[in-house]
Amino acid sequence: MVVKQMDEQVQQMNDLFLSGQVKESYQLAKEILANQTNLKGETHQLIQQHVALLEANGYANMPETTDEKVMQSAERTDGSYPERDVLTAYIGTQDEEQFGKVIDELLAGPIEAQANAYYTMAEYYVLTKEQDKAMVQFAEAIKLQPNKGLYWGAFAQFLNRHEGSPYLALRLIEEAIQLDGMNPRWHYIQGNIFLQLVAATKNLSYLPALEEAWERAKKRCSTKQITLKMDLVKSNDVLSQWKKQML
């Protein structure tokens with residue numbers, strides 16, 4: 001009976017992860033190890049490996065969201081966000097002195113402004129191809145304002161575009177979706193991360209969650225989000241071609 005219950009918990013742990021509920025999957029794995037101190041053998045090893053993989057990707061040290069209500073950022077029709085306007089202005093002028101001045105002013109402001117400064121610097125380092133610095137800045141933005149979906153989602157998008165860890169990216173995008181579930185961008189990125197995992201691991205068990213994520217993104221797109229809609233069509237075409245080769 002105990003063995004059967006254990007097998008069911010392990011299956012639940014795997015199912016949660018495959019569906020994108022990676023935070024809950026990690027917590028369940030930790031609970032199994034804590035409650036089943038006499039657990040040994042292959043099952044114990046599998047759970048330990050699962051926990052070790054996720055903790056190597058920072059799951060044990062993620063900032064916690066709070067009960068504070070935060071206004072989520074609305075994506076414009078061109079895919080941009082107001083929080084990126086400072087960087088957009090710099091790109092247009094290349095005035096480094098003015099850019100630095102604005103960043104300093106943000107850093108001297110309230111928490112929301114400080115988080116925006118770190119996010120802006122993260123996107124700046126993405127442009128300058130200084131990826132390690134970008135990761136540090138994204139993390140700082142999340143620490144300062146953990147209830148802002150944009151900062152979690154932008155960090156996940158950065159990792160996905162630059163072949164960073166899909167396991168970390170899944171954890172980040174899950175939080176963005178929980179905070180701002182009506183934003184189609186986050187569901188689209190979640191699907192992209194699942195696609196990255198399918199390609200890397202050849203594990204087709206990720207496919208249902210991938211397709212569901214893109215379907216949710218499609219349903220949430222406004223009529224004006226033409227670019228995102230086109231990206232979804234292209235991505236589905238790529239997936240269809242890939243499936244013909246693999247299946």
Side-chain angles (χ1 to χ4, degrees), residues 3-33 36 39-62 131 135 152-178 181 184-220 231-247:
V3 173
K4 183 181 179 183
Q5 184 183 15
M6 183 57 54
D7 288 343
E8 288 174 353
Q9 285 184 307
V10 172
Q11 185 61 51
Q12 185 185 4
M13 178 190 80
N14 288 329
D15 289 345
L16 284 168
F17 194 86
L18 290 170
S19 68
Q21 299 173 78
V22 295
K23 182 179 180 180
E24 196 173 339
S25 175
Y26 168 66
Q27 291 171 340
L28 177 59
K30 293 278 286 182
E31 287 173 14
I32 295 171
L33 291 178
Q36 302 292 335
L39 188 63
K40 290 182 174 62
E42 186 179 351
T43 301
H44 182 247
Q45 188 177 7
L46 282 171
I47 299 170
Q48 277 191 321
Q49 288 173 348
H50 185 69
V51 169
L53 171 65
L54 301 186
E55 290 190 343
N57 283 277
Y59 278 49
N61 303 307
M62 286 285 167
Q131 296 181 14
M135 289 184 68
W152 295 90
F155 194 178
Q157 179 172 258
F158 162 75
L159 289 171
N160 180 241
R161 286 178 172 174
H162 295 85
E163 298 183 356
S165 168
Y167 303 105
L168 173 55
L170 268 186
R171 175 67 181 83
L172 296 168
I173 203 63
E174 178 186 21
E175 206 70 63
I177 289 170
Q178 288 179 352
R185 175 71 55 186
W186 309 145
H187 297 279
Y188 175 59
I189 293 169
Q190 187 182 50
N192 290 346
I193 297 165
F194 279 127
L195 181 61
Q196 182 185 357
L197 274 167
V198 171
T201 65
K202 302 298 185 287
N203 184 351
L204 303 183
S205 299
Y206 290 112
L207 281 176
L210 187 170
E211 293 171 324
E212 288 169 15
W214 282 350
E215 185 61 28
R216 287 193 300 271
K218 182 180 177 182
K219 288 179 179 178
R220 286 163 173 76
D231 287 342
L232 278 162
V233 171
K234 291 175 186 175
S235 296
N236 273 299
D237 286 345
V238 169
L239 179 61
S240 296
Q241 292 298 320
W242 187 87
K243 285 168 73 174
K244 286 177 182 178
Q245 295 173 4
M246 289 293 295
L247 302 179

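One-based numbering along the sequence shown.
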Asks: Holding to salt bridge (charged side-chain N to carboxylate O under 4.0 Å, His left out), I want the full list of residues that pass it with E55, two or more places apart in sequence or in another chain.
Replies: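 Partners of E55 under the salt bridge (charged side-chain N to carboxylate O under 4.0 Å, His left out) test: K30.
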
Asks: Just how far is it from atom CG of L232 to atom CG of N192, taken to the nearest 0.5 Å?
Replies: 8.5 Å

Asks: Do you know the tightest heavy-atom contact between A176 and G153?
Replies: CB-N, 3.6 Å

Asks: State, to 0.1 Å, how close Y188 and S235 come at their nearest heavy-atom pair, and which atoms those are.
Replies: OH-OG, 2.9 Å

Asks: Compile the donor-acceptor pairs under 3.5 Å between side chains in residues 14-23 and protein atoms, sequence neighbours left out, one pair per line.
Replies:
{"unit_1": "N14", "atom_1": "ND2", "unit_2": "V10", "atom_2": "O", "d": "3.4"}
{"unit_1": "D15", "atom_1": "OD1", "unit_2": "Q11", "atom_2": "NE2", "d": "2.9"}
{"unit_1": "S19", "atom_1": "OG", "unit_2": "D15", "atom_2": "O", "d": "3.2"}
{"unit_1": "S19", "atom_1": "OG", "unit_2": "L16", "atom_2": "O", "d": "2.9"}
{"unit_1": "S19", "atom_1": "OG", "unit_2": "Q21", "atom_2": "NE2", "d": "3.0"}

Asks: Residues in side chain to side chain contact (heavy atoms under 4.5 Å, CB included) with A29, at least two apart?
Replies: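 Partners of A29 by the side chain to side chain contact (heavy atoms under 4.5 Å, CB included) criterion, ordered by chain and then number, come out as M13, I47, H50, V51.
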
Asks: Look up atom NE2 in H187 and atom CD1 in I177, then write down how far apart they are to the nearest 0.5 Å.
Replies: 5.0 Å

Asks: Give me the one residue out of R185, E212, R216, E174 that meets side chain to side chain donor-acceptor pair (under 3.5 Å) with Q190.
Replies: R216

Asks: Between CD of E175 and CZ of R171, what distance do you get to the nearest 0.5 Å?
Replies: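 Between atom CD of E175 and atom CZ of R171 there are 4.5 Å.
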
Asks: Just verifying a value: how many Å separate L170 CG and L54 CG, rounded to the nearest 0.5 Å?
Replies: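 Those atoms lie 9.5 Å apart.
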
Asks: Would you say L207 and L239 make side-chain contact, with heavy atoms under 4.5 Å?
Replies: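 When only atoms from C-beta onward are counted, L239 and L207 do touch, with a gap below 4.5 Å.
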
Asks: Sort and list the pairs that fulfil salt bridge (Lys or Arg N to Asp or Glu O under 4.0 Å) and have at least one residue in residues 190-202, not counting sequence neighbours.
Replies: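 Found none.
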
Asks: Which heavy atom of I193 sits nearest a heavy atom of A156, and at what distance?
Replies: CD1-CB, 4.4 Å

Asks: Considering residues at least two apart in sequence or located in another chain, which fulfil the side-chain hydrogen bond (donor to acceptor under 3.5 Å, both in side chains) criterion with N203?
Replies: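 If we apply the side-chain hydrogen bond (donor to acceptor under 3.5 Å, both in side chains) test to N203, skipping adjacent residues, the hits are S205.
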
Asks: Determine, stepwise, if the pair L172 / Q157 fulfils side chain to side chain contact (heavy atoms under 4.5 Å, CB included).
Replies: CA-CA 9 Å; L172 296 168; Q157 179 172 258; over 6 Å; no

Asks: Run the salt bridge (charged side-chain N to carboxylate O under 4.0 Å, His left out) test against E211 and tell me which residues pass, sequence neighbours left out.
Replies: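 If we apply the salt bridge (charged side-chain N to carboxylate O under 4.0 Å, His left out) test to E211, skipping adjacent residues, the hits are K243.
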
Asks: Stepwise, does the side chain to side chain contact (heavy atoms under 4.5 Å, CB included) test hold for R220 with W186?
Replies: CA-CA 10 Å; R220 286 163 173 76; W186 309 145; over 6 Å; no

Asks: Measure the spacing between CD1 of I173 and CG of L168 and express it to the nearest 0.5 Å.
Replies: 11.0 Å

Asks: Under the ring pair (Phe, Tyr, Trp, His ring centres under 6.0 Å) test, which residues partner Y59, sequence neighbours left out?
Replies: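 Partners of Y59 under the ring pair (Phe, Tyr, Trp, His ring centres under 6.0 Å) test: Y26.
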
Asks: Got a second to check how far Q131's CD is from F158's CZ, nearest 0.5 Å?
Replies: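 Rounded to the nearest 0.5 Å, the CD-CZ separation comes out at 4.5 Å.
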
Asks: Check side-chain hydrogen bond (donor to acceptor under 3.5 Å, both in side chains) between D231 and all other residues, then give those that pass, not counting sequence neighbours.
Replies: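 Residues passing side-chain hydrogen bond (donor to acceptor under 3.5 Å, both in side chains) with D231: none at all.
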
